[in-house]
Amino acid sequence: MNREPRADESGEFHAASQAQPNIALVKYWGKRDAALNLPAVGSISITLDSLWTRTDVRFVPGQKHDRVSLNGRSDEAEAKRVTACLDLLRQRAAVDWGADVASQNNFPTAAGLASSASGFAALVHAGAQALGLELSLAEQSVLARRCSGSAARSIFGGYVEWAHGRLADGTDSVAQPLLAAEAWPLRVAVAITSKAAKQVGSSEGMRRTAQTSPYQSAWVDTQEADLSTARSAILARDFDALAQISEYSCLKMHALAMAAQPGLLYWNGATVECMHRVRALRQQGLPVFFTVDAGPQLKAVCEPAAIEQVKAALRDVPGVLDVLDTGLGAGARAMPVGALEA
Ligand code: DP6
């Protein structure tokens with residue numbers, strides 16, 4: 001819905017929001033439309049709680065450009081993506097004002113920890129509020145998707161499915177909640193195996209994969225079945241079934257990407273050691289499984305009672321620098337303004 005931009009009580013177009021990263025259990029990899037950022041496949045994720053992005057957005061009438069600070073620093077490539085994302089909101093509000101944007105993460109960025117998911121979900125949420133746009137969560141999810149696909153899912157909390165969608169304009173490629181975090185409060189240990197930014201970003205990795213991997217069509221053709229299996233496992237809270245399908249989807253996505261030319265290898269040695277460690281724990285009867293995104297960090301998802309043992313086992317793997325621990329959390333939401341201004 002289009003509305004006149006409306007200032008807050010202090011006469012400013014200013015708001016702040018928090019969103020958390022999500023981790024896909026059935027992976028998104030590949031686009032059917034790069035311009036609208038429409039996915040080649042649907043995906044299912046969990047939204048985390050103790051990792052976050054907090055973003056403050058202030059539109060300044062008359063200002064020509066955006067000024068963007070990420071973790072207190074300016075980054076030209078990221079600033080371009082922020083401007084492209086804010087352009088979508090400016091279009092909706094029919095304004096051409098520049099914005100001051102300050103964003104902070106409490107976790108390493110651009111290293112496969114889904115900073116773009118929480119980052120763009122928080123940006124869309126805060127930007128829409130700042131402009132007084134009254135957007136439903138589904139509309140915010142569609143806009144966040146255009147900025148970074150996985151951000152569509154971080155608008156929501158808990159277990160979330162992002163639909164492939166059928167419409168050419170992408171308005172049905174939207175995320176929706178499947179199950180609340182509290183309904184099945186699994187925990188996640190994140191093994192950090194490198195703090196360096198990844199060499200090939202997801203968008204470029206997906207493009208290369210679609211153009212050169214011989215497994216691309218098999219990946220797309222088998223995704224519906226995986227989504228259906230994961231959806232049923234989540235609704236039945238069947239841990240073993242979710243473990244099987246999640247590891248399968250993760251390894252299948254990486255096999256697909258490894259078969260690109262040149263092959264995409266997001267793992268390091270410690271990532272692989274962590275996979276073996278998680279499988280050994282499961283063999284011993286511990287309810288835990290792994291997943292890995294486009295980076296070297298390993299996420300181990302487990303039942304709450306297993307978290308300490310899982311963390312201790314991962315800490316013990318040579319090459320693991322740190323192990324973070326989080327539960328499942330809520331979707332994007334408003335924060336008090338001011339704490340994070342540029
Ligand atoms: C491996 O959402 O970062 O984490 O849409 O190009 O911004 P863009 O990609 P992005 O890709 C995430 C890929 C993934 C799997 C997933 O989150 O589903």
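Order of appearance sets the numbers: ligands from 1, and atoms from 1 within every ligand. Reckoned from all heavy atoms, side chains included, excluding hydrogens, waters and symmetry mates.
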Checklist line | N or O contact, N37 vs ligand 1, cut-off under 3.5 Å | finding: yes

Next item on the list: Show which atoms of ligand 1 fall inside a sub-4.0 Å distance from at least one heavy-atom site of M206.
Entry: 9 (O), 11 (O), 13 (C)

Checklist line | Ligand-residue contact atoms, ligand 1 with A24, heavy atoms, under 4.0 Å | finding: 16 (C), 17 (O), 18 (O)

Notebook entry, point to check: For ligand 1, is there an N or O atom under 3.5 Å from any N or O atom of G149?
Noted result: yes

Next item on the list: Identify, by atom number and element, the atoms of ligand 1 in contact range of D293, meaning under 4.0 Å from any of its heavy atoms.
Entry: 1 (C), 4 (O), 14 (C), 15 (C)

Notebook entry, point to check: Is it true that the side chains of W52 and S118 contain a donor and an acceptor less than 3.5 Å apart?
Noted result: no

Next item on the list: Look only at the side chain of D66 and the backbone of A99, and say whether a donor-acceptor pair between them is shorter than 3.5 Å.
Entry: yes

Note to self: Is it the case that the side chains of D56 and H14 hold a donor-acceptor pair, with the cut-off being a distance below 3.5 Å and no angle test?
What the structure shows: yes

Margin query: Within the 4.0 Å heavy-atom shell around R81, which atoms of ligand 1 are there?
Written below: 7 (O)

Notebook entry, point to check: Roughly how far, to the nearest 0.5 Å, is CE of M258 from CE of M253?
Noted result: 9.0 Å

Notebook entry, point to check: Taking atom types as modelled and ignoring hydrogens, do the side chains of R153 and N22 form a donor-acceptor contact shorter than 3.5 angstrom?
Noted result: yes

Margin query: Using a 4.0 Å cut-off to any heavy atom of M253, which atoms of ligand 1 qualify?
Written below: 1 (C)

Note to self: Would you say OH of Y215 has more than 12 non-hydrogen atoms from neighbouring residues, nucleotides or ligands within 6.0 angstrom?
What the structure shows: no

Next item on the list: Could you find the nearest protein heavy atom to atom 7 (O) of ligand 1 and give me its residue, atom name and distance?
Entry: S148 OG, 2.7 Å

Item checked: Minimum-distance protein heavy atom relative to atom 2 (O) of ligand 1 -> S150 OG, 2.6 Å

Next item on the list: State whether a side-chain donor-acceptor pair under 3.5 Å links S213 with Q216.
Entry: no

Next item on the list: Would you please say whether a donor-acceptor pair under 3.5 Å links the side chains of R279 and Q284?
Entry: no

Notebook entry, point to check: Side chain, backbone, both or neither: which part of S116 has a heavy atom under 4.0 Å from ligand 1?
Noted result: side chain

Next item on the list: Around atom 8 (P) of ligand 1, find the nearest protein heavy atom and jot down its residue, atom name and distance.
Entry: K31 NZ, 3.4 Å

Next item on the list: Please determine, by modelled atom types, if D100 and Q63 share a side-chain donor-acceptor pair under 3.5 angstrom.
Entry: yes

Margin query: Closer than 4.0 Å to some heavy atom of A294 - which atoms of ligand 1 meet that?
Written below: 1 (C)

Item checked: Per-residue contact class, R145 against ligand 1 - non-hydrogen pairs under 4.0 Å -> neither

Next item on the list: Write out the residue and atom name of the closest protein heavy atom to atom 13 (C) of ligand 1, then the distance separating them to 0.1 Å.
Entry: Y28 O, 3.6 Å

Notebook entry, point to check: For E204, does the CD atom have more than 12 heavy-atom neighbours from other residues, nucleotides or ligands under 6.0 Å away?
Noted result: yes

Notebook entry, point to check: Closest non-hydrogen protein atom to atom 17 (O) of ligand 1, residue and atom name please, with distance?
Noted result: R153 NH2, 2.7 Å

